[in-house]
Amino acid sequence: MNPPLSPWRCVLRELHAHRLTLPLAEPLDTGRGRFANREVVLIELAVEFDGEIRTGWGEASPLAGWCGGRPKAIETEARRFGMPCEIDFSDLGPALGPLDPLPVLRHGVETALFDARARHAGQTLARTLIRTRAVLLAHPEAEPATSPVPVQCTIGAAAPEATRQAVRDAIEAGYGCVKLKVGAAAPEADLARCKMLATEFSGIRFRLDANGAWSLPEALEMLERLPTPAVELVEQPVAPPAFEALLEARAGRHGRPSPAIAADESCAGREQALGLIDDGRVDALVVKPCTLGGLVHACEVLAHARARGMDIIFSNLMESAVGRAAAAALAAAWPDFPGPHGLATGAWFGADVAPAPDRIEQGLLYPHRAEPGLGFTPVIART
């Protein structure tokens with residue numbers, strides 16, 4: 001007879017992949033084009049702890065430009081994952097290593113595993129991730145609090161009047177920071193929109209997200225001309241191949257302060273993120289756990305960023321409530337990075353998989369708490 005499993009050892013018994021198409025409430029315009037819906041892949045994982053089966057959930061939803069694979073291919077590969085599979089939480093490599101070529105799938109399986117573990121322990125996913133953080137940091141200064149997560153309001157690349165009204169709505173809802181999608185229009189149009197907002201709304205901070213749409217000359221000119229300090233940060237001004245040249249050119253410029261630069265698509269991978277932290281020329285990283293290959297790899301990046309004094313903005317890949325809840329749990333376990341973070345995207349969806357919408361009050365995202373783990377069981381059509 002096999003010895004009983006310890007609380008940090010388990011057996012994966014059964015895995016199901018659910019591919020869904022979720023409509024957006026209205027089309028979202030970005031520097032990467034227009035989105036009317038989002039195809040997602042949810043991972044349902046049955047895990048045995050000490051003879052007891054718990055079901056955990058994760059998300060493995062790829063998106064072109066950030067991570068490889070298509071939803072149908074991810075669904076197919078997930079179904080090929082060998083079962084049963086014994087897991088040691090202290091070293092996930094042997095079991096999950098085969099998923100490394102598809103980081104988004106590893107993220108989905110790993111999140112489902114951690115969700116099942118948290119449900120077995122009767123605790124939140126954030127509390128389980130605090131244990132992972134403590135192991136990585138060896139001697140944490142104090143146990144982090146799992147308080148609500150500060151978030152920014154993200155607005156698509158809309159026309160000036162629609163943008164103006166969206167900012168008014170964000171302020172009325174209690175947000176102190178608004179992120180604007182740019183790059184869908186000409187740089188001059190984006191610049192005029194930013195100057196208009198900076199003039200009319202002096203009490204709010206703005207961030208921009210170009211999704212790599214600007215050329216290197218356009219990005220350098222925009223960084224010089226954007227209204228500061230109203231615009232405090234620009235995410236991914238240029239595409240990844242030109243990002244190194246942008247950092248080099250910016251490092252050689254002096255004079256008028258320009259907004260901070262954050263890497264997004266350029267840190268879509270564990271090695272890329274660690275390399276940018278070591279390089280030290282970028283001001284912040286946008287951390288999407290699914291592009292890093294899971295919550296453990298994300299924690300490794302966060303520990304390295306913390307040690308080097310680099311800022312982190314937690315975000316998600318336009319994911320369903322499952323992926324957003326996992327990213328929010330990670331942010332709650334790492335309050336060293338105060339945000340605000342890019343997790344207030346649930347309102348983009350016309351339909352979602354959580355039984356209740358995300359709760360955001362005064363710019364704070366409160367976790368789902370109906371159940372342990374992620375806080376809810378996804379509502380999906382069974383086939």
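All values derive from a computational prediction rather than experimental measurement. Residues take their numbers from the sequence shown, with the count starting at 1.
- With hydrogens and angles disregarded, no donor-acceptor distance shorter than 3.5 Å links the side chain of Glu172 to the backbone of Asp169.
- The side-chain contact (heavy atoms from CB on, under 4.5 Å) check on Asp279 picks up Leu247, Arg281, with sequence neighbours excluded.
- Ala17 approaches Arg79 most closely through the heavy-atom pair O-NH2, 3.3 Å.
- The backbone N or O of Arg127 lies less than 3.5 Å from a partner atom in the side chain of Thr124, making a donor-acceptor pair.
- Checked for salt-bridge contact, Asp283 and Arg250 meet the test: a charged N lies under 4.0 Å from a carboxylate O.
- Under a cutoff of 6.0 Å and an axis angle of 45°, Arg306 and Trp334 do not form a cation-pi pair.
- Other residues, nucleotides and ligands contribute only 12 or fewer heavy atoms inside 6.0 Å of the CD atom of Glu248.
- Under the 30°/60° scheme for interplanar angles, the aromatic rings of Phe89 and Phe114 are found to stand perpendicular.
- A donor-acceptor pair under 3.5 Å is absent between the side-chain atoms of His107 and the main chain of Gly294, judged by distance alone.
- A donor-acceptor pair under 3.5 Å is formed between the side chain of Asp352 and the backbone N or O of Ala321.
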- Where do Asp100 and Arg270 land on the salt bridge (charged side-chain N to carboxylate O under 4.0 Å, His left out) test, with the steps shown first? CA-CA 11 Å; Asp100 284 347; Arg270 177 174 171 269; over 6 Å; no

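- Ring planes of His18 and His16: tilted class, angle from 30 to 60°.
- Shown here is Glu26, whose CD atom has no more than 12 heavy atoms of other residues, nucleotides or ligands within 6.0 Å.
- With hydrogens and angles disregarded, no donor-acceptor distance shorter than 3.5 Å links the side chain of Asp209 to the backbone of Lys181.
- For the pair Lys288 and Glu319, the salt-bridge criterion is not met [side-chain N within less than 4.0 Å of a carboxylate O].
- Between the side chains of Glu39 and Ser61, not a single donor N or O lies within less than 3.5 Å of an accepting N or O.
- Distance alone, capped at 3.5 Å, places no donor-acceptor pair between the Glu265 side chain and the Ala239 backbone.
- Under the rule for a side-chain contact (heavy atoms from CB on, under 4.5 Å), the partners of His304 that lie at least two apart in sequence or sit in another chain are Leu274, Ile277, Asp278, Arg308.
- Arg193 contributes no side-chain N or O that, together with a main-chain N or O of Ala159, makes up a donor-acceptor pair within less than 3.5 Å.
- Salt-bridge check for Arg9 with Glu48: failed, with every basic side-chain N at 4.0 Å or more from each acidic carboxylate O.
- The closest donor-acceptor contact from the side chain of Gln236 to the backbone of Ser266 lies under 3.5 Å.
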